[in-house]
Amino acid sequence: MERGAIPTDEIAGAVDVQATLESGQTYLWWRPDGTTYETDGASGGRAWYRTVVDGDVVEVRQTDAAVEWQSTTDADPLVRELLGLNDDLHEIRAAATDDDLTTAAWDAYDGLRIVRDPFFGCLVSFICSAQMRVERIFAMQESLREHYGEPIEYDGETVHAFPEPEALAAATEEDLRDLKLGYRAPYVQRTAEMVATGELTRQDVEGRAYELARETLTDFVGVGDKVADCVLLFSLGYLEAVPLDTWIRSAIEDHYPDCDCGNYADTSRAIREQLGPYAGYTQTYLFHYLRSGGDE
DNA sequence: CTCCAGGGAGCCT
DNA sequence: AGGCTCCATGGA
């Protein structure tokens, strides 16, 4: 076990680990103490969070002056990458719109950062997110890990990684329906198969211009424009991507009505122009703020 | 009981 | 391209 701490004064802007990992942008981290996000209890935002990346267990928690980590490897650069600690939040916020709603959302969760989830886990978890509540999306990923993820011995317990593409490709639709994935079961199986066989992979997406990258991602089964935007934003670092979900569509209707152009592509362009070059950052603040009841 | 949740596929025009 | 309809599951 290796440990370390990333001092907050090395990071450009504020850091809020809890807001980052509990805002519904990633479903690949969980609390090893078993407490759920809704029944926060005594953690006070200082709970440990755990994930597995490339076979290494990584845990983080926030303290007064640092982001602490412990891991099976030297995870310092990895933690900075996964939690978006390399993003200059001063610059990003300065580039955002400053209307009342956006300002309120940024003030409420200053320090929330865009994560960089591993590609396959991000892809699968957002395929699962279709017409599903945030709490249940977490439960579905946990179930996938427990049934199809590689076990890793860590600190006297067995931790399961997110399943490899090959493992989910080898599952049947019926197997995945048994895990309560519902109609998403064949989508997950087929997309896993596409990644496992090399029919379509992240290499076909990253590096491409934003709109072409989004279009390419929709070739995966169960991936439309919205899920594609989630993968671009929460895994591949396209900070301009704005997933047009029910919450942001409602915000557009109420606060940016001129941006509603009917179809996805045109509305996307309009809201990206409205929210600025890091539109995805502001989108994620708005999503978390609105979903937490901040606009009431 | 009905309604809805970080939508997408298939089919129709 | 745009507009249906159906799709599983579980909590309110």
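Note on naming: letters A, B, ... go to the chains in the order of the sequence lines (proteins, then strands), and numbering restarts at 1 for each one. Worth knowing before you read on, the calculation uses all heavy atoms, side chains too, and leaves out hydrogens, waters and symmetry mates.
- A ring-centre distance under 6.0 Å is not found for Y109(A) and Y285(A).
- Atom CD of E135(A) is separated from atom P of dG11(C) by 10 Å (rounded to the nearest Å).
- Separation of atoms CG (D54(A)) and CG (L78(A)) is listed at 8.0 Å; rounding is to 0.5 Å.
- Of the possible polar contacts, one joining the T63(A) side chain to the A66(A) backbone as a donor-acceptor pair under 3.5 Å is found.
- With contacts defined as side-chain heavy-atom distances shorter than 4.5 Å, the pair V188(A)/C128(A) qualifies.
- The separation between L217(A) atom CG and dG8(B) atom C1' is 14 Å, rounded to whole Å.
- dT5(C) is paired with dA9(B) under the criterion used here, namely a Watson-Crick or G-U wobble arrangement in which both key atom distances are under 3.5 Å.
- Within a heavy-atom distance below 4.0 Å of DNA chain B, no residue of residues 109-128 of chain A is found.
- Contact annotation for Y27(A): base contact, defined as any heavy-atom pair under 4.0 Å involving a base atom.
- Backbone-only engagement by G222(A) is indicated by non-hydrogen atom pairs under 4.0 Å involving sugar-phosphate atoms exclusively.
- Contact annotation: Q131(A) reaches the phosphate of dG7(B) (side-chain N/O to OP1 or OP2, under 4.0 Å).
- For the C1' atoms, the distance from dA5(B) to dG3(C) is 22 Å, rounded to whole Å.
- With distances taken from any side-chain atom of R136(A) to the nucleotides dT9(C), dG7(B), dA8(C), the minimum falls on dT9(C).
- Regarding Y183(A), its OH atom lies at a distance of 7 Å from the C1' atom of dA8(C), rounded to whole Å.
- Taking only side-chain nitrogens and oxygens, N263(A) never comes nearer than 4.0 Å to OP1 or OP2 of dA1(C).
- The side chain of R177(A) places an N or O atom within less than 4.0 Å of a non-bridging phosphate oxygen (OP1 or OP2) of dA8(C).
- Under the 3.5 Å distance criterion, the side-chain polar atoms of Q283(A) are matched with a main-chain donor or acceptor of P243(A).
- Annotation: of the two residues near DNA chain B, Q25(A) and V221(A), the 5′-most nearest-nucleotide partner is Q25(A).
- Hydrophobic side-chain contacts under 4.5 Å tie V52(A) into a cluster, directly or through other members, with M1(A), W30(A), V57(A), I152(A), Y154(A), V159(A).
- A straight line from CD of Q189(A) to P of dC7(C) spans 20 Å, rounded to a whole angstrom.
- Using a 4.0 Å cut-off between charged side-chain N and carboxylate O, D229(A) and K226(A) make no salt bridge.
- Ion pair R272(A)/E240(A) not flagged as a salt bridge, since none of the NZ, NE, NH1 or NH2 atoms sits closer than 4.0 Å to an Asp/Glu carboxylate oxygen.
- Of the candidate nucleotides dA8(C), dG2(C), dG10(C), dG10(C) has the atom nearest to the side chain of R133(A).
- For the pair Q283(A) and Y187(A), nearest-nucleotide mapping onto DNA chain B gives the more 5' position to Q283(A).
- Nucleotides dA8(C) and dG10(B) are separated by 13 Å at their P atoms, to the nearest Å.
- Per the geometry, CG belonging to L179(A) stands 15 Å off P belonging to dA8(C), to the nearest Å.
- The nearest whole Å value for the distance from the CG atom in L181(A) to the P atom in dG10(C) is 11 Å.
- Taking atom NZ of residue K180(A) and atom P of nucleotide dC7(C), one finds them 17 Å apart after rounding to whole Å.
- Judged by Watson-Crick or G-U wobble contacts below 3.5 Å, the nucleotide dA12(C) has dT2(B) as its partner.
- Counting to the nearest Å, the C1' atom of dG2(C) and the CG atom of D260(A) are 14 Å from each other.
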